[in-house]
Amino acid sequence: MEKSFGFRPGIKWTNDLVFGSRKLGGILTELSLQRNGTVDYAVVGIGINCCHKPEDFSPEIRDIAASLAMVTGTEINRARVAAAMMESLFKMDQILLTEKSAILDRYRRSCITIGQDISLVRSDEIRHGTALDVDDLGALVVRFADGHTETINSGEVSVRGMYGYL
C-alpha cells in the first residue's frame with residue numbers, strides 16, 4: 001500500500017491493516033500441528049478491501065470498515081494491488097532470515113496496538129491490560145490489570161475503543 005498508494009497503514013496486532021480507526025484488510029491463518037509439534041499444514045489468506053464504497057459494507061461494520069478506494073479517493077485496480085502485494089511478499093521472503101530484526105522493528109513502528117489498552121479474549125475468558133511491545137518472536141507483550149506481564153501468542157486482542165470495542 002505504501003508503494004502503490006503513498007500511505008502505510010497501521011497494523012493492529014497481529015494481522016489487521018487499519019487506516020485511522022477503520023479496518024482495510026487482514027491476514028487469516030489456519031495451522032495444524034502434528035503430535036511432535038511440527039507443522040502439518042498452514043493455510044494463509046490475505047484480504048484487502050479495494051473498491052468498496054461505504055454503502056457496500058453491511059450496516060454492522062460500515063463505521064469500522066474502509067477500502068483503498070475510500071481512503072485514496074481513486075479507482076482501484078485489484079490486479080495491480082495483487083501484483084504489488086506479491087512483489088512485496090517475495091521481497092520479504094528473500095530477507096526474512098537475514099533481516100528479521102529490521103522487519104520486526106518496522107512492524108513495531110507500524111503496530112498501533114503498542115501502548116494501547118487491550119482486551120484479550122480466549123474462550124469464555126476476557127482479560128484487560130496494556131500492550132507494551134512486540135517481542136522478537138512476534139508475540140504481544142501485555143501488562144495485565146493485576147500488574148503481571150505476559151507474552152501473548154494467541155487469542156483475540158481488541159484495542160479498547162477501536163472498532164467500537166470497550
Side-chain angles (χ1 to χ4, degrees), residues 1-5 7-49 61 64-66 68 71 81-166:
M1 288 184 201
E2 188 173 22
K3 183 177 178 181
S4 298
F5 302 106
F7 76 94
R8 182 171 177 80
I11 302 169
K12 185 187 84 59
W13 185 89
T14 61
N15 56 12
D16 283 356
L17 299 176
V18 296
F19 183 80
S21 61
R22 293 176 175 255
K23 184 174 176 177
L24 283 168
I27 300 171
L28 295 175
T29 59
E30 181 178 322
L31 180 72
S32 175
L33 298 176
Q34 296 179 7
R35 288 182 183 241
N36 66 4
T38 60
V39 175
D40 186 32
Y41 68 85
V43 178
V44 179
I46 300 173
I48 298 174
N49 300 329
I61 65 168
I64 61 172
L68 291 174
V71 170
V81 172
M85 184 170 44
M86 294 302 294
E87 182 180 345
S88 292
L89 289 170
F90 176 78
K91 287 179 181 177
M92 186 185 303
D93 180 62
Q94 300 301 302
I95 63 169
L96 187 58
L97 297 178
T98 59
E99 297 182 37
K100 181 180 175 185
S101 170
I103 292 169
L104 279 167
D105 286 344
R106 188 165 183 186
Y107 179 92
R108 287 181 187 105
R109 286 192 304 272
S110 299
C111 185
I112 58 96
T113 310
I114 297 172
Q116 301 296 316
D117 291 334
I118 61 101
S119 296
L120 171 66
V121 179
R122 285 188 181 148
S123 300
D124 294 335
E125 178 188 34
I126 301 174
R127 297 165 60 199
H128 302 288
T130 302
L132 302 177
D133 199 0
V134 173
D135 75 8
D136 289 342
L137 297 175
L140 189 65
V141 180
V142 178
R143 183 179 57 241
F144 286 98
D146 65 4
H148 88 280
T149 300
E150 192 175 319
T151 302
I152 305 302
N153 288 304
S154 64
E156 175 61 36
V157 172
S158 302
V159 175
R160 300 196 66 198
M162 181 177 216
Y163 305 156
Y165 299 131
L166 298 176

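Quantities reported herein were computed from a predicted structural model and do not represent experimental measurements.
A 6.0 Å sphere centred on CG of N36 holds more than 12 heavy atoms belonging to other residues, nucleotides or ligands. Few gaps surround CG on L31; more than 12 heavy atoms of other groups in view lie less than 6.0 Å from it.
Atom NZ of K23 is separated from atom CD1 of I64 by 8.0 Å, given to the nearest 0.5 angstrom. The line from CG of L68 to CG of L24 is 6.0 Å long, rounded to the nearest 0.5 Å. The distance from atom CD of E156 to atom CD1 of I118, rounded to the nearest 0.5 Å, is 10.0 Å. To the nearest 0.5 Å, atoms CD1 (I48) and CD1 (I27) are separated by 8.5 Å. Going from atom CG of L104 over to atom CG of D135 covers 8.5 Å, rounded to the nearest 0.5 Å. Between the CD1 atom in I46 and the CG atom in L89 there is a gap of 5.0 Å [rounded to 0.5 Å].
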Next item on the list: Test L132 against I114 for side-chain contact (heavy atoms from CB on, under 4.5 Å), laying out the working first.
Entry: CA-CA 5 Å; L132 302 177; I114 297 172; over 6 Å; no
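Between E30 and Y41, the closest heavy-atom pair is OE2-OH, 3.0 Å. When all heavy atoms of T151 and A139 are compared, the closest pair comes out as CG2-CB, 3.1 Å. Looking at every heavy atom in both residues, R122 comes nearest to I152 through NH2-CG2, 3.6 Å.
Using a distance-only test at 3.5 Å, with no hydrogens or angles considered, no donor-acceptor pair links the side chain of N15 to the main chain of G26. Checked by atom type and distance alone, the side chain of W13 pairs as donor or acceptor with a backbone atom of G138 at under 3.5 Å.
Applying the salt bridge (charged side-chain N to carboxylate O under 4.0 Å, His left out) test to pairs two or more places apart or on separate chains, none has a residue in residues 32-48.
The shortest side-chain heavy-atom distance between L33 and V39 falls under the 4.5 Å cut-off.
Residues meeting the side-chain contact (heavy atoms from CB on, under 4.5 Å) test with R106, sequence neighbours left out: E2, R8, R109.
Below 30°, between 30° and 60°, or above 60°: for H148 and F144 the angle between ring planes is below 30°, a parallel geometry.
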